[in-house]
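Order of appearance sets the numbers: ligands from 1, and atoms from 1 within every ligand.
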Amino acid sequence: MEWFEKPVRMMRWDYMGEFERLKEVDLEQWAKEKKERWHVNCEWIIGTPGVAPGTGHLTTFAAEGFERYPGFEDFDLLREYLPHAKKYGIKLLVYLNMHWYSYEFAERHPDWEQRTSSGESYGRLHPLYGNGTTFCVNSPWREWAFNLIRETMKSGVDGVFLDGPVVYPDCCYCEYCQEKFEKLHGKPIPKENWLEESWKDFLEFREDSMAEFLRDARRSLKEVNPKGVIFLNSGGWQASSWRVARDIQKVGNYQDFNGAEAFFHVHRGEHNLYESALMAKYLVAGGKPAVVFTHYMYGLWHYNLLPPWEIKRALVQTVACGANPWIAFINKAYESDPGGLKPIEEIQGFLEENEEYYTSVRSEATVAVHSSMQTSTFYISDIPELYRDVGTGKEQDLIVDRGTGKVAIDWGVRKRMSEASKGESFLGFSVALWRGHIPFDVILDRDLERPDRLKHYETLILPNSACLSDRQVDAITNFVKDGGKVVASFETGLYDERGRKRNPKTLDDVLGVADRVGAFPTLLGENYMKVVEDYPPFAEGRLLPRGPYCLKIKAVEEAETPLVFMEPIPRVYMPLTKESEYPALVLSKFGGGSAAYFPQLIGLFYANYKMEEMGTLINQTVKRLNTATPLHVEAPPTVQVEVYSQGASKERVIIHLVNNSGDMKRPISHMLPVENIKIKVGEYLISPRKVYTLRESKDRLEFHKIDGGVEFKIPRLNFYEVVVLEA
Ligand SMILES: [Zn+2]
């Protein structure tokens with residue numbers, strides 16, 4: 001195994017704005033501290049700083065043909081530090097800022113800048129971080145960048161991390177992009193127009209240009225050191241990633257890690273409790289070693305470290321979901337708060353000591369949740385009701401905010417709402433599974449077409465995966481025919497991979513949909529579903545809230561429809577209506593498998609409004625379909641469970657338990673311990689001879705055989721425990 005395929009713990013210790021102080025640092029001590037106290041085995045060191053006014057062209061080391069960063073004219077940071085890092089077994093990667101340059105430097109190369117559709121420099125229209133500009137991956141800047149990478153590798157370091165480039169929104173229309181696009185497609189680059197196929201060609205062109213840049217950057221790096229590693233900031237699961245042309249399915253082919261940021265930002269709104277976990281799962285789905293970047297900084301207050309529970313939560317969620325941790329902080333923040341080392345020592349020390357339990361593990365999740373980049377990029381729903389402004393639903397001072405009630409016609413607004421309906425649905429389904437203790441993986445577009453990947457799962461979840469190719473529809477159809485289960489919602493499968501309305505080949509046969517009639521009026525609040533046949537834990541007659549976006553469909557005759565929508569109620573405090581003829585859940589059989597279909601944006605509704613009935617409805621439906629659940633866990637919903645195996649015949653099963661039970665706010669300042677967690681493990685997974693825990697109590701656990709497996713108890717979980725079962 002190469003070093004980067006084993007567990008890696010990365011850090012960046014930053015001297016923001018006072019890099020020259022590094023010349024006075026005892027580099028030997030500095031490396032020793034990182035190894036022995038921060039427990040890292042891979043470090044990033046700044047090669048070209050990302051600081052105002054844009055210094056991506058200035059190096060902290062000797063690089064032929066490049067200017068030095070002020071203060072480093074007679075000091076080569078890389079070559080000075082490398083021997084010390086090596087001595088302590090720390091792999092050294094060089095951070096190269098590849099997206100932020102001063103106007104002064106750009107003036108020397110006016111044709112390198114990214115240009116918007118109006119022909120103006122992107123960085124003059126939108127100064128980066130308030131000052132500075134950015135270059136184009138298709139301009140001659142690329143050769144400049146490749147030279148810099150070669151010069152960096154000549155210092156003997158282990159690799160580079162490229163912070164950027166990205167293709168910025170409404171970019172790039174520079175002369176080089178124009179020429180390249182026209183050569184490929186025989187026409188000029190169009191302006192944004194979602195009815196125009198060449199606009200979609202352009203969106204793909206942007207992503208391909210990024211991937212080609214990385215491919216050639218990698219080639220340059222390997223010229224100097226064939227064993228060197230390279231990767232860039234490759235963007236996450238969020239549905240807006242397409243705006244800066246980032247997709248791990250494309251750049252992942254040319255990099256050694258898939259890495260993306262899950263920074264904790266303090267802001268006025270609500271926070272996603274699972275941000276590090278979800279980013280980790282998404283990156284792991286890319287099939288490369290994954291790294292989740294965590295700023296050890298207090299959101300926009302960069303000179304404060306995160307509170308202990310927040311940094312510990314980020315690290316533990318990251319590793320429990322199969323990714324590597326990375327932290328960065330500014331020296332002055334640590335100087336002012338040396339206690340900030342303690343939570344890191346605690347978690348990373350444990351990870352270092354127990355590397356073997358994180359090496360070559362395979363997920364034993366039997367459920368996969370689809371994260372559809374195609375849908376993020378190309379989906380614009382043709383249902384006008386999706387674009388109705390319903391306000392926040394807040395009632396205050398005897399006034400309810402119900403929005404304007406108008407339907408937006410602006411394409412930009414429609415695009416944003418459509419992509420949100422995909423992104424929030426993905427989030428909602430994921431959170432529901434976590435809270436229902438159903439282990440899951442994320443699956444990407446391209447893997448839907450790979451039968452060997454799909455076969456790994458019993459259940460596939462398509463949370464409004466609106467845009468699917470014919471091949472993907474066929475693959476999913478065959479998956480269900482062969483006994484697989486599928487859970488889908490809203491407009492899944494109604495558009496092709498380029499967002500064109502598909503007819504007649506859809507997934508509707510598989511989903512038990514006979515006819516699509518239209519949409520319910522978009523109403524927030526006072527509208528309901530009714531349980532018409534017992535659907536545990538909901539008894540017949542039970543009313544459940546329904547979200548704003550619901551479709552009128554007819555189910556095939558053989559299908560079960562245990563929930564129906566009620567007729568719409570136009571305003572609040574009005575009499576309850578009767579049942580409509582339209583189902584709110586369709587359960588059907590198809591071939592040897594089965595499907596559950598929610599004709600509504602139930603994932604989005606749960607993600608945004610968090611009513612637990614919705615989470616329960618989702619995870620109970622998954623449990624009903626998915627028979628091969630690897631384990632059953634009795635614990636509060638905030639206890640997160642992940643399960644892996646090791647060895648050719650699963651000699652070891654490893655269960656991660658993360659307690660996310662904080663003090664009902666973020667940033668979290670207190671974690672509440674949980675007691676008496678009961679876990680049942682199916683015998684198809686393992687028949688253990690020995691069960692033990694690694695962290696909070698280093699004990700053997702008593703277990704006993706039950707019908708179909710074994711059962712054991714964790715008397716107390718403070719925060720993070722790893723349970724190991726050995727055959
Ligand atoms: Zn360009």
Side-chain angles (χ1 to χ4, degrees), residues 48 50 54-57 96-129 131-149 162-194 196-220 230 232-235 240-247 249-251 253-255 373 377-378 412:
T48 58
T55 54
H57 57 296
L96 296 176
N97 188 292
M98 289 257 164
H99 71 281
W100 188 13
Y101 300 93
S102 68
Y103 296 125
E104 188 208 343
F105 181 64
E107 268 151 31
R108 289 185 241 161
H109 309 281
D111 59 331
W112 290 6
E113 285 189 76
Q114 287 189 39
R115 308 246 155 220
T116 65
S117 55
S118 63
E120 284 163 281
S121 134
Y122 177 85
R124 319 267 163 166
L125 277 178
H126 310 279
L128 276 81
Y129 313 98
N131 190 0
T133 188
T134 198
F135 296 142
C136 172
V137 290
N138 288 324
S139 76
W141 168 73
R142 70 201 316 274
E143 293 305 329
W144 178 94
F146 300 157
N147 263 332
L148 177 61
I149 291 168
L162 311 183
D163 191 11
V166 295
V167 184
Y168 279 92
D170 193 31
C171 289
C172 174
Y173 292 77
C174 79
E175 56 182 296
Y176 304 100
C177 285
Q178 294 280 8
E179 195 189 321
K180 188 175 170 189
F181 185 85
E182 198 150 349
K183 210 180 245 174
L184 279 169
H185 296 287
K187 48 174 107 172
I189 302 176
K191 295 207 173 179
E192 180 169 339
N193 179 352
W194 292 92
E196 185 74 64
E197 282 309 301
S198 63
W199 166 250
K200 297 174 186 174
D201 289 336
F202 179 51
L203 295 180
E204 289 190 3
F205 169 86
R206 297 163 81 235
E207 287 173 3
D208 293 339
S209 294
M210 279 283 290
E212 287 157 17
F213 174 86
L214 186 61
R215 178 196 64 200
D216 296 346
R218 184 168 203 256
R219 192 179 295 151
S220 312
I230 185 168
L232 49 70
N233 202 338
S234 40
S240 57
S241 272
W242 69 273
R243 293 177 188 276
V244 285
R246 296 203 283 204
D247 181 357
Q249 294 178 101
K250 290 196 173 162
V251 290
N253 297 325
Y254 307 111
Q255 60 184 356
M373 187 68 182
T377 311
F378 296 116

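- Side-chain contact check for S117 and D170: at least one donor-acceptor pair (N or O, by modelled atom type) lies under 3.5 Å.
- Between F146 and F213, the ring centre distance stays below 6.0 Å.
- The aromatic rings of Y173 and F202 sit tilted, their planes meeting at an angle between 30° and 60°.
- Side-chain contact annotation: E120 with S118, donor-acceptor N/O pair under 3.5 Å present.
- Each protein N/O/S atom under 2.8 Å from the Zn ion (ligand 1) was counted, for a total of 4.
- Using a 4.5 Å cut-off on side-chain heavy atoms (C-beta onward), Y103 and S121 make no contact.
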Exercise. Take C172 and N138 through the side-chain contact (heavy atoms from CB on, under 4.5 Å) test and state the conclusion after the steps.
Key: CA-CA 9 Å; C172 174; N138 288 324; over 6 Å; no
